[in-house]
Structure formats: C-alpha cells, structure tokens
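Here's the structure, in structure tokens; my notes come after.
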Amino acid sequence: MSRILVTGATGTVGANVVHELRGRGAQVRAFVRDPRAAAAKLGDVELALGDFDDPASLRRALIGVDRVYVSAADGPRKVVHETAVIDAATEVGVERIVRLSAMHADPASPLHVFRWHGEIDAHLRRSEVPSVLLRPAFFMANLLMVAGGVAHTGMLHGPTAGRRIAMIDIRDVAAVAAVTLLGEGHAGRTYELTGPAPITFADVAAALADATGHPVRSVDLTEEEARPRFEGAGLPDWLAIHLAGVFGVIRAGGFESATDDVERITGHPARDITGFARDFAAAFTPAAVPTGQPG
Ligand SMILES: NC(=O)c1ccc[n+]([C@@H]2O[C@H](COP(=O)([O-])OP(=O)(O)OC[C@H]3O[C@@H](n4cnc5c(N)ncnc54)[C@H](OP(=O)(O)O)[C@@H]3O)[C@@H](O)[C@H]2O)c1
C-alpha cells in the first residue's frame, strides 16, 4: 500500500485531506511543526516533525513515502516552502504529487497569491514527478472569517457588485485530493474545482438566515467602501491587498463558471451553500441573550 505524506496537514484543507485519506484506509504521515497541536487536531495519525525551512526534516519525512500532498500557508515564503517540498520529493523519487493550487494561478498574475501559485505549479510541472494540480475557486470556509460580524449585525458585507461566485466547500477539495492521491488516471491533469452552481452573496445570506433562524441581509459595498475594511483588519499588507484583489476578480466575473470536476472525480455532487450553512450555523448564530438571573 502507498504511504502518503501530507504537508500543511494542520491547515484548514490539509486536516480534511488527512481525514479523507484515513477514511479511505490509506497509510498517512502528516508533516507538522507542533506535534501536540497536530495530535489534538488530527487524532491518531503518524506524525513527521519538521519545518519547510529545514530541508533535512523534509528528507527524513519522505523516507518510505510514495505520494505527497503539497500545500503550505500563503505568504512571502510560500514559493520557497513548496518548491523545497517538491525538490525533496523529486530527489527521493516519489511516484506522485498532488498540489493544492488556486483558480487563476498564473506566474504573471498581478495578485501575489495567484502569482505564487503559478510559479510553484510551473516548478512542479518542470519536475520529473507525475503531478496533479487542484485549482479550487473561492472557499465557502472564507465566510467563517466574517461569521462573528454576521452573527452580531445580521449583515453580510462584500464588494461583489452582485456577481456570482462558484464557491466550493473545502471538504470537497479534500475529497478530490484523496481520490487523486489514491486513484489512477489523474497524473498530468489540472482540475478546476467549484461548488455545484455560482451563487451571489444574497444567496449566501438567505442560506445563513435559513440555517440560523435569524435574519441575514447581504450588503454590497463599493471597492472604495470595502478598502478600509481590508486595510484595517490587522492583516499583513500582502493579504489585505490580495483579498481586495480577489473581490476585484469576483466583480469581473472571474469566479462565475462552475465545473463538474468534483462530481466526476469523487462520484458525489459538490456540496452546496445550504449544506455548508447548516453544518456551520453555530458560527453565524447570535449568542443567546440571558433571560434572567438565577434567583
Ligand atoms: N481561501 C480560498 O478561497 C482559497 C481558494 C483556493 C486556494 N486556496 C489555497 O489554499 C491553500 C490553503 O490551504 P489550507 O487552508 O489547508 O492552509 P492553511 O490553513 O493556511 O495552513 C497552512 C499549513 O502550512 C503549515 N505551515 C506553515 N508554515 C510552515 C513551515 N514553515 N513548516 C511546515 N509547515 C508549515 C501550517 O502548519 P502550522 O499549523 O504549524 O501553522 C499549516 O498546516 C493556500 O495555498 C491558498 O492559496 C485558498
């Protein structure tokens, strides 16, 4: 049986990839920096301790490994980190790499994160290792970043100009990763992963209202109105700029096309916003107001 190394294993997608692989009976090794936090998050899974900045730790983690899931955090070290994994995996001769990229990945993109993805994808394709590129659209899980605000105000703000987004549930991204790591016939392919249909923020608000039982209204913002929200959110500059840029892509209709890649690869339809809203309703629900003091 193949042994699969999962990098970025404690990440939001990565942890789901570990879960999906284990659910399919695969032999999984998770590459992690903090074993305690990893064990708490991932449960009983083989851990390889290391850091992308420590090439010896990568080589150790790859001993006895056949296939690798490559993902790292976004940020200025992303290209260095992921190319280090790809190079170490090429050196030991793994038989397959599945990489979490992003829709709009392009070495010439004006947006940092899409450019970094494009550069890493190109590096991977130049390597000798058969590879699969997963390019998901906007994650539904991004909505969790504003869940507290939605719960508090009953408003979902977004500078989308009412455009639709074929947003995807990360559990489907993880399922596709597991199938392409374990199954055959995917090498050399690039998959554009989306939800079942493009939806507006008004559709999202309606789904959240249904799921929480509380009113939620979508409020569109202009680019100018939204800018201070990104800049004032305490995010690193590159991330604030990237997020503003992603909404620019949304307003240009760049996420409006849905594909059927999730269903073709996993055999089940992509999850829709209704299911996401139901499963994460608690995060979007106003805290209960105490009705009285104990006597
Ligand atoms: N948000 C979207 O809409 C969207 C859409 C398409 C694609 N994407 C892509 O999805 C990816 C994010 O995946 P994710 O959510 O699973 O990642 P994530 O939650 O950002 O997690 C990053 C992972 O990298 C690990 N890591 C960071 N620095 C490390 C280091 N120096 N050495 C070893 N491990 C290190 C982290 O470990 P620790 O736990 O130790 O920090 C964590 O496991 C990004 O590439 C993003 O561009 C996102």
Side-chain angles (χ1 to χ4, degrees), residues 5-20 29-42 45 47-58 60-62 68-85 88 98-106 109 111-121 124 133-146 158 160 165-174 176-178 190-195 204 235-236 238-239 242-243 245-247 249-250 254-255 259 261-262 276:
L5 183 71
V6 177
T7 62
T10 51
T12 45
V13 182
N16 281 284
V17 173
V18 170
H19 178 73
E20 287 284 339
R29 182 182 291 166
F31 185 74
V32 300
R33 295 193 283 189
D34 177 343
R36 274 208 187 169
K41 188 155 198 179
L42 304 175
V45 64
L47 301 178
L49 301 192
D51 193 295
F52 296 139
D53 285 311
D54 173 4
S57 72
L58 275 170
R60 270 196 310 275
L62 282 159
V68 185
Y69 169 80
V70 175
S71 178
D74 289 336
R77 300 281 297 159
K78 185 176 187 68
V79 177
V80 172
H81 284 166
E82 294 198 43
T83 55
V85 180
V98 173
R99 167 164 202 274
L100 177 56
S101 178
M103 194 171 277
H104 299 296
D106 181 349
S109 174
L111 300 189
H112 300 74
V113 177
F114 295 156
R115 187 165 69 245
W116 295 331
H117 276 298
E119 289 171 9
I120 303 164
D121 286 352
L124 177 55
L133 296 177
L134 308 182
R135 291 187 170 165
F138 187 94
F139 293 165
M140 292 177 190
N142 296 338
L143 298 164
L144 292 169
M145 287 194 252
V146 295
T160 64
I165 310 163
M167 52 180 85
I168 183 164
D169 191 311
I170 55 170
R171 293 171 291 186
D172 286 331
V173 179
V176 169
T190 297
Y191 294 120
E192 305 266 320
L193 306 176
T194 72
V204 174
L235 303 169
W238 64 264
L239 183 53
H242 179 71
L243 288 177
V246 166
F247 279 94
V249 175
I250 289 171
F255 288 105
T259 72
D261 283 1
V262 168
F276 174 86

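Since the model is a prediction, treat every value here as computed from it, not as a measurement. Order of appearance sets the numbers: ligands from 1, and atoms from 1 within every ligand.
Protein heavy atom in closest approach to atom 12 (C) of ligand 1: Leu100 CD2, 4.2 Å. Among all protein heavy atoms, the one lying closest to atom 34 (N) of ligand 1 is Phe52 CE1, 3.3 Å. The protein non-hydrogen atom at the shortest distance from atom 15 (O) of ligand 1 is Thr12 OG1, 2.3 Å. With hydrogens left out, the protein atom closest to atom 6 (C) of ligand 1 is Pro136 O, 3.5 Å, a heavy atom. With respect to atom 18 (P) of ligand 1, the closest heavy atom belonging to the protein is Gly11 CA, 3.8 Å. Regarding atom 20 (O) of ligand 1, its nearest protein heavy-atom neighbour is Ala73 CA, 4.0 Å. Atom 41 (O) of ligand 1 has its closest protein heavy atom at Arg33 NH2, 2.8 Å. For atom 37 (O) of ligand 1, the nearest protein heavy atom (residue, atom name, distance) is Thr10 OG1, 3.2 Å.
Nearest to atom 8 (N) of ligand 1 by heavy atom, out of Tyr69, Phe31, Phe139, is Phe139.
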Item to complete: Start with the C-alpha distance between Phe52 and Thr7, add both sets of side-chain angles, then the distance that settles side-chain contact (heavy atoms from CB on, under 4.5 Å), and finish with yes or no.
Response: CA-CA 9 Å; Phe52 296 139; Thr7 62; 3.9 Å; yes

Practice prompt. Under the side-chain contact (heavy atoms from CB on, under 4.5 Å) rule, what do Phe114 and Val246 come out as? Steps first, then yes or no, please.
Written response: CA-CA 10 Å; Phe114 295 156; Val246 166; 4.1 Å; yes

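Between Arg60 and Arg29 the shortest heavy-atom distance is O-NH1, 4.2 Å. The shortest non-hydrogen separation linking Val80 to Thr83 is O-OG1, 3.2 Å. Shown here for Ser57 and Leu49, the closest heavy-atom pair between the two residues is CB-O, 4.0 Å. Of all the heavy atoms in Pro136 and Ile168, the pair that sits closest is CB-CG2, 4.1 Å. Across all non-hydrogen atoms, the minimal contact from Ala9 to Val18 is CB-CG2, 4.0 Å.
Residue-level proximity to ligand 1 for Met103 is absent, since no heavy atom of it falls below 4.0 angstrom. Contacts of His117 with ligand 1, taken as heavy-atom pairs under 4.0 Å, involve the side chain alone. The proximity of Arg77 to ligand 1, defined as any non-hydrogen pair under 4.0 Å, does not occur for either the backbone or the side chain.
With Arg99 as the fixed residue, the side-chain contact (heavy atoms from CB on, under 4.5 Å) test singles out one of Val68, Leu133, Val85, Leu134: Leu133.
Counting heavy atoms from C-beta outward, Leu111 and Val249 have side chains that approach closer than 4.5 Å. Residues Met167 and Val204 are in side-chain contact: their nearest non-hydrogen atoms beyond the backbone lie under 4.5 Å apart.
Between the OG1 atom of Thr190 and the CZ atom of Arg135 there is a distance of 5.0 Å, given to the nearest 0.5 Å.
Counting the atoms of ligand 1 from 1 in the order shown, those under 4.0 Å from a heavy atom of Ser101 are 7 (C). Taking a cut-off of under 4.0 Å to the non-hydrogen atoms of Val113, the atoms of ligand 1 that pass are 47 (O). Remark: ligand 1 atoms within the under-4.0 Å shell around heavy atoms of Ala137 are 5 (C), 6 (C). Proximity to His81 (heavy-atom distance under 4.0 Å) selects the following atoms of ligand 1: 31 (N). With ligand atoms numbered from 1 in the order given, ligand 1 contributes 43 (O) to contacts under 4.0 Å with heavy atoms of Ala9. Proximity to Gly8 (heavy-atom distance under 4.0 Å) selects the following atoms of ligand 1: 23 (C), 24 (O), 43 (O). Per-residue contacts place Lys78 under 4.0 angstrom from the following atoms of ligand 1 (heavy atoms of the residue considered): 44 (C), 45 (O). Applying the 4.0 Å criterion to heavy atoms of Ser71 picks out, from ligand 1, the atoms 13 (O).
Relative orientation of the Phe138 and Phe247 rings is perpendicular, given thresholds of 30° and 60° on the angle between their planes. Note: His104 and Phe255 have perpendicular aromatic rings, judged against thresholds of 30 and 60 degrees for the angle between ring planes.
At under 3.5 Å, a nitrogen or oxygen of Val13, whether backbone or side chain, sits near a nitrogen or oxygen of ligand 1. Any N or O atom pair closer than 3.5 Å counts here, and Phe138 shares no such pair with ligand 1. Polar contact with ligand 1: absent for Asp53 (N/O pair, distance under 3.5 Å). For ligand 1, the polar-atom distance check finds no N/O of Asp34 at less than 3.5 Å from any of the ligand's N/O atoms.
With ring centers used as reference points, His112 lies under 6.0 Å from Trp116.
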